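Computed from a predicted model, the values in this text were never measured in an experiment. The sequence lines fix the lettering, A, B, ..., with proteins before strands; numbering per chain opens at 1.
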2 protein chains.
Amino acid sequence: MTRKAVPIEEIAANRCFGGWHRRYRHYSATLRCEMVFAVYLPPQAADARVPALYWLSGLTCSDENFMQKAGALRVAGELGIAIVAPDTSPRGAQVPGDPDGAWDFGHGAGFYVNATQQPWAEHYRMHDYVVFELPELLEASLPVNTSRGLSGHSMGGHGALVCALRNPGRYRSLSAFAPISHALASPWGEKAFSRYLGADRGAWKAWDACELIAAGVGERLPLLVDQGLADGFLAEQLQPETLRQACAAAGHPLTLRLQAGYDHSYFFIASFIDDHLRHHAAALLP
Amino acid sequence: MTRKAVPIEEIAANRCFGGWHRRYRHYSATLRCEMVFAVYLPPQAADARVPALYWLSGLTCSDENFMQKAGALRVAGELGIAIVAPDTSPRGAQVPGDPDGAWDFGHGAGFYVNATQQPWAEHYRMHDYVVFELPELLEASLPVNTSRGLSGHSMGGHGALVCALRNPGRYRSLSAFAPISHALASPWGEKAFSRYLGADRGAWKAWDACELIAAGVGERLPLLVDQGLADGFLAEQLQPETLRQACAAAGHPLTLRLQAGYDHSYFFIASFIDDHLRHHAAALLP
């Protein structure tokens with residue numbers, strides 16, 4: 001079967017640090033809905049294909065939060081790395097959301113899993129979207145190559161760890177900010193997994209960073225994690241100490257930096273994003 | 001009469017680049033309403049009073065846009081300069097807004113003038129608020145000194161030029177991004193001035209940057225201006241060429257940088273804010 005070219009429609013373009021921030025709309029066959037994503041193409045992409053850092057955002061975010069608030073584009077432009085920011089869930093009137101209208105499930109809260117339960121299974125396949133469909137679309141349409149890094153924040157930090165661990169060989173670098181490290185034992189994760197994945201908690205382990213590390217799944221990409229110590233979600237939702245113990249027990253290389261006084265906001269991310277970009281560049285650039 | 005201490009209420013605090021982003025609410029006697037402003041205090045403010053760059057935002061903005069989107073706090077933290085971001089108009093149910101609900105007048109669109117016409121004159125006194133009340137409040141309450149810089153974007157670029165030109169000796173440094181340079185001859189300015197200042201166009205000249213420069217009002221603070229050439233508002237609303245001519249005729253020192261491909265967004269501001277911070281630091285730091 002020949003591969004059909006998938007159209008992407010540019011909906012915004014802003015020159016930034018000598019490169020371009022662009023937003024695109026496309027129909028996702030994986031998610032069965034229209035999706036919007038954002039890409040920062042550094043100046044170097046005018047002449048050659050560049051590596052791409054995929055950024056997975058947290059609860060309630062769209063493609064816009066990281067691009068506007070993280071202050072990441074300056075160093076990405078210096079280093080010559082593209083940044084790709086997908087949305088955080090399938091969207092649209094035909095996509096079911098939280099029955100109670102809550103912000104921590106459904107729209108804006110896809111948790112980067114492939115749902116197995118109804119009515120979620122038809123659209124909520126964010127793992128396959130961010131790991132397969134989106135990179136393939138980008139690599140066919142834009143000047144990015146297959147040297148891929150993965151990072152994210154909170155729910156997106158969980159997504160980054162899980163997507164990289166489940167897909168050895170697909171990413172060259174990995175980091176996270178304040179990830180939900182042990183989703184199956186956190187209130188956010190329990191709510192999401194019980195609906196997307198069903199009542200069998202055994203099935204949740206394949207979508208939990210600490211469980212995947214403990215099971216020795218995936219390759220041992222050196223992991224850089226920043227966590228603010230004034231983060232109101234630290235103990236109950238994020239559990240960095242559990243991540244530390246899982247990595248130590250499994251021999252997974254982890255640099256966990258506990259940052260005194262920092263919270264869960266983009267002011268925290270902005271303060272340390274340059275270190276993450278350089279961590280990724282060391283693995284992504286030739 | 002003894003000066004009464006004015007209370008300010010902290011409503012948010014985020015550690016950022018070793019310093020603090022903080023938001024405060026207070027009652028403004030000038031504007032006769034409650035106001036919110038944001039301050040970034042760099043790490044150096046823990047030990048000593050630091051200079052402050054006042055940033056005036058554009059139409060529809062609040063105290064939040066610049067702090068979240070400009071990427072300015074990194075270099076401010078390095079240099080040891082505080083940043084102060086006021087709101088762009090008086091706010092609240094008792095403050096009249098645009099009769100038609102438009103976004104370019106009223107709430108979010110104070111134009112940094114002192115209104116003389118009813119029903120605006122009671123609350124719309126943003127010039128006096130940003131030039132006098134807010135700095136005095138900050139210098140009495142927070143570790144900032146009287147070494148003040150002034151900058152802004154679009155309507156706030158107009159505000160920065162006009163407030164500095166009208167108040168010689170009050171600021172040590174001045175810059176702007178895409179300012180409304182000749183407000184009395186721009187559609188945004190004509191709408192605002194005709195309501196805030198009345199039908200007599202002669203009275204508008206005291207609130208127009210090009211007219212003030214042409215009249216030789218104020219001191220000749222070296223002026224750094226960045227303007228994107230892909231800015232959709234360039235010719236009709238912003239008129240940088242008129243500013244260039246006014247400065248040339250009056251001998252006002254101007255560095256006008258026309259940036260190819262850049263638009264009116266915060267992606268443009270972020271790309272060049274570091275240069276502005278260093279321009280201000282050269283004048284503000286001892």
In this structure, which one of A/Arg25, A/Arg23, A/Arg22 forms a salt bridge (Lys or Arg N to Asp or Glu O under 4.0 Å) with A/Glu10? A/Arg22
Determine, step by step, whether B/Phe233 and B/His158 satisfy the ring pair (Phe, Tyr, Trp, His ring centres under 6.0 Å) criterion, reporting the C-alpha distance in whole Å, the side-chain angles of both residues, the deciding distance to 0.1 Å, and the verdict. CA-CA 14 Å; B/Phe233 302 115; B/His158 144 79; over 10 Å; no
What part of A/Phe268 gets within 4.5 angstrom of chain B, counting heavy atoms only: side chain, backbone, both, or neither? backbone
Residue from B/Gln259, B/Arg15, B/Arg74 scoring the most non-hydrogen pairs under 4.5 Å with chain A is B/Arg15
Applying a strict 4.5 Å limit to non-hydrogen atoms, the region of A/Asn14 in contact with chain B is both
Would you check, one step at a time, whether the test ring pair (Phe, Tyr, Trp, His ring centres under 6.0 Å) holds for B/Phe37 with B/His26? CA-CA 8 Å; B/Phe37 63 89; B/His26 74 115; 5.5 Å; yes
Taking A/Arg91 first and then A/Asp87, would you say they form a salt bridge - that is, a charged N and a carboxylate O separated by under 4.0 Å? yes
Could you walk me through whether B/Leu238 and B/His264 pass the side chain to side chain contact (heavy atoms under 4.5 Å, CB included) test, one step at a time? CA-CA 10 Å; B/Leu238 307 174; B/His264 202 63; 3.9 Å; yes
A/Ala260, part contacting chain B, at a heavy-atom distance under 4.5 Å: backbone
Tell me, for B/Ala13 versus chain A, whether the close heavy atoms (under 4.5 Å) come from the side chain, the backbone, both or neither. backbone
Atom group of A/Leu73 that falls short of 4.5 Å from chain B, counting heavy atoms: side chain
